[in-house]
Amino acid sequence: MRQEAVKSLKKHWQLYLIVIPPVLFFLIFKYYPMMNAVLAFKDFNVIKGIWGSPWVGFKHFELFFNNPMFLTLVKNTFGISGMLLLVGFPVPILLALMLNEAKNGRFKKFVQLVSFAPYFISTVVMVSIIMLFLAPRLGFVNIALNYFGFESINFLGEPGMFRSIYISSDIWQTAGYTAVIYLAALAGIDPTLYEAARVDGASRFQKIIHVDLPGILPTIMIVLILNVGSVMAIGFEKVYLLQNPLNLVNSEIIATYVYSVGLLNANYSFATAVGLFNSVINLILLVSVNTLAKRFSNNSIW
């Protein structure tokens, strides 16, 4: 094996050279920091350092689980992520299928450009746009409501509207980008399948059901597994920027709670414990969904 490895290294040294930077990146910025996760089981002392701080076991986990906010945080985190997955996941698939059926090349490129462009808007700018559009007095949405005789609504001040605002804006921002993945998968479908469907007299809808969807099913399953595996890792920045005291009951998630309680108060051990809990739940979800996908569809990450 050693001789084969040396032989492969000499023969393909250019490829190994290309792989070195990303491997170093993951080792330095991903795997090495995992060693410091032991901080979750210690009372961090700046002078003693991570490894010299006293061991306290599951103290910080117990504090988090016994916190009155625990169930609310988990509910809000799963609620936003679950609704985003349920509502937002099919949208890029439908968009890709519709673009694939578009015959007008200019129209197709225009829709791709319009739907793809929002992905490059930064989170801060995106939140600013949302706030300007939904402002109680000068926002475009409330101006339109007033024009039709309705009263103004403080959208960001209504706790029940927070999830809808977050999910709809996220779909608008990311649907076009994700649709590109499915368009690439559609481009790889064997053209003879379309010809056979045409010969059999299949309609456009039947072609989508029996050719397009089965052709991109492996891609759909991989994207679904990755999305489910990051359910607990919902974006911190956007939620935090959209938060205010009025909608906090529905907008406070685990990530923002860790920032406000753990990091701002310099309680790094508690913040690490909650972050580790988040990662473990994501890992369990990822492995579970991957196992189910492999059993029922023969499509999985590993």
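Computation of the quantities below employed the complete heavy-atom set of this structure, encompassing side-chain atoms and omitting hydrogens, waters and symmetry-equivalent molecules.
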Any residue meeting side-chain hydrogen bond (donor to acceptor under 3.5 Å, both in side chains) with K294, in chain and number order, not counting sequence neighbours | none

By side-chain hydrogen bond (donor to acceptor under 3.5 Å, both in side chains), which residues pair with S230, not counting sequence neighbours?
-> none

Listed once per pair and sorted, the ring-ring contact (aromatic ring centres under 6.0 Å, His included) pairs that draw on residues 178-216, sequence neighbours left out = none

Sorted by chain and number, sequence neighbours left out, side-chain contact (heavy atoms from CB on, under 4.5 Å) with I143 holds for none

Applying ring pair (Phe, Tyr, Trp, His ring centres under 6.0 Å) to F64 and not counting sequence neighbours gives F70, F277

Please check if atom CD in E4 has more than 12 non-hydrogen atoms from other residues, nucleotides or ligands closer than 6.0 Å.
-> no

For K59, what residues pass the salt bridge (Lys or Arg N to Asp or Glu O under 4.0 Å) criterion, not counting sequence neighbours?
-> D43

Any side-chain heavy-atom pair of I220 and F89 under 4.5 Å | yes

Any residue meeting ring pair (Phe, Tyr, Trp, His ring centres under 6.0 Å) with Y240, in chain and number order, not counting sequence neighbours | F236, Y259

Please list, chain by chain and in numerical order, all residues satisfying ring pair (Phe, Tyr, Trp, His ring centres under 6.0 Å) with F58, sequence neighbours excluded.
-> F41, F61

Please name all residues satisfying salt bridge (Lys or Arg N to Asp or Glu O under 4.0 Å) with E101, sequence neighbours left out, ordered by chain then number.
-> R204, K207

How about E151 and L145: do any of their side-chain heavy atoms sit closer than 4.5 Å?
-> no

Minimum side-chain heavy-atom gap L156-M131 below 4.5 Å | yes

Would one find more than 12 heavy atoms of other residues, nucleotides or ligands at under 6.0 Å from atom CZ of F133?
-> no

Listed partners of S122 passing side-chain hydrogen bond (donor to acceptor under 3.5 Å, both in side chains), at least two apart = none

Taking atom CH2 of W13 as the centre, does the number of heavy atoms from other residues, nucleotides or ligands within less than 6.0 Å exceed 12?
-> no

Partners meeting side-chain hydrogen bond (donor to acceptor under 3.5 Å, both in side chains) with E252 (sequence neighbours left out) | Q243, T256

Are K238 and Y166 in a cation-pi contact, defined as NZ or CZ under 6.0 Å from the six-membered ring centre and within 45° of the axis?
-> yes

Flag the pair F140 / L132 as yes when at least one side-chain heavy-atom distance between them is below 4.5 Å, and no otherwise.
-> no

Determine, using the 4.5 Å side-chain heavy-atom cutoff (strictly less than), whether V125 and V239 are members of one ILVMFWY cluster.
-> yes

Excluding sequence neighbours, so at least two apart, what forms ring pair (Phe, Tyr, Trp, His ring centres under 6.0 Å) with Y177?
-> F116, Y119

The residue among N36, T272, N45 that forms side-chain contact (heavy atoms from CB on, under 4.5 Å) with I50 is N36

Hphob cluster co-occupancy, L71 + I281, side-chain heavy atoms under 4.5 angstrom = yes

The residue among T72, V74, N76, V258 that forms side-chain contact (heavy atoms from CB on, under 4.5 Å) with I253 is N76

Below 4.5 Å, heavy atoms only, C-beta onward: do N104 and K108 meet side chain to side chain?
-> no

Flag the pair I153 / V141 as yes when at least one side-chain heavy-atom distance between them is below 4.5 Å, and no otherwise.
-> no

